[in-house]
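Inspection log for the structure reproduced underneath, given as structure tokens.
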Amino acid sequence: MLTNHIRQKTSIYQPTMKHWLRMCVKDCEGFVCDKKGKQITHDEYVDFFVDRLQNLIQKNDYRLIDEKQFKNEISTFIYTLSDNT
């Protein structure tokens with residue numbers, strides 16, 4: 001008999017979006033820092049990522065109707081996929 005194996009997140013703790021945005025970004029090697037050695041928060045990362053996406057959109061002759069909604073949706077997408085273990 002075949003069974004499905006679904007991996008559950010090991011952490012029960014899921015910070016609120018507001019708290020998550022203030023948290024520092026951490027990867028498998030530790031905290032992510034900028035060129036000056038300052039730890040980067042999720043909010044700073046989302047701003048950087050959204051800015052890059054907006055530049056790509058504009059460069060390809062598209063435009064965003066609601067930039068605030070776009071940023072909110074990208075933030076929510078990254079937050080949902082993040083592993084806060």
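Start at 1 with the first residue, then count along the sequence.
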Got a sec, which pairs hit salt bridge (charged side-chain N to carboxylate O under 4.0 Å, His left out) with one end in residues 40-49, sequence neighbours left out?
-> Lys38-Glu44, Asp47-Lys71
Shortest non-hydrogen contact between Ser75 and Trp20, atoms and distance | O-CZ3, 4.2 Å
Rounded to the nearest 0.5 Å, what separation is found between the CD1 atom of Ile74 and the CD atom of Gln54?
-> 9.5 Å
Report the residues that fulfil side chain to side chain contact (heavy atoms under 4.5 Å, CB included) with Cys33, sequence neighbours left out, ordered by chain and then residue number.
-> Gln39
Using the test side chain to side chain contact (heavy atoms under 4.5 Å, CB included), find all partners of Lys35 that sit at least two apart in sequence or belong to another chain.
-> none
CE of Met23 to OG of Ser82: how many Å apart, nearest 0.5 Å?
-> 8.0 Å
Candidate pair Leu81 and Phe77, rule side chain to side chain contact (heavy atoms under 4.5 Å, CB included), full reasoning | CA-CA 6 Å; Leu81 294 178; Phe77 180 74; 3.4 Å; yes
Donor-acceptor list for residues 58-65 side chains, cut-off 3.5 Å, not counting sequence neighbours:
| residue | atom | partner | partner atom | Å |
| --- | --- | --- | --- | --- |
| Asn60 | ND2 | Leu56 | O | 2.8 |

Who are the side chain to side chain contact (heavy atoms under 4.5 Å, CB included) partners of Tyr45, not counting sequence neighbours?
-> Val25, Ile40, Phe49, Ile78
Residue list, side chain to side chain contact (heavy atoms under 4.5 Å, CB included) with Glu29, at least two apart or on another chain | Asp27
Same cluster or not: are Ile57 and Val46 linked, directly or through other Ile, Leu, Val, Met, Phe, Trp or Tyr residues, by side-chain heavy atoms under 4.5 angstrom apart?
-> yes
Evaluate the side chain to side chain contact (heavy atoms under 4.5 Å, CB included) criterion for residues Tyr79 and His42: first the C-alpha distance (whole Å), next the side-chain angles of each, then the deciding distance (0.1 Å), finally the verdict.
-> CA-CA 9 Å; Tyr79 167 74; His42 287 102; over 6 Å; no
For the hydrophobic clusters of this structure (ILVMFWY residues joined by side-chain heavy atoms under 4.5 Å, transitively), does one cluster hold both Phe70 and Met17?
-> yes
In terms of hydrophobic clustering (I, L, V, M, F, W, Y; side-chain heavy atoms under 4.5 Å; direct or indirect links), are Phe48 and Leu53 co-clustered?
-> no
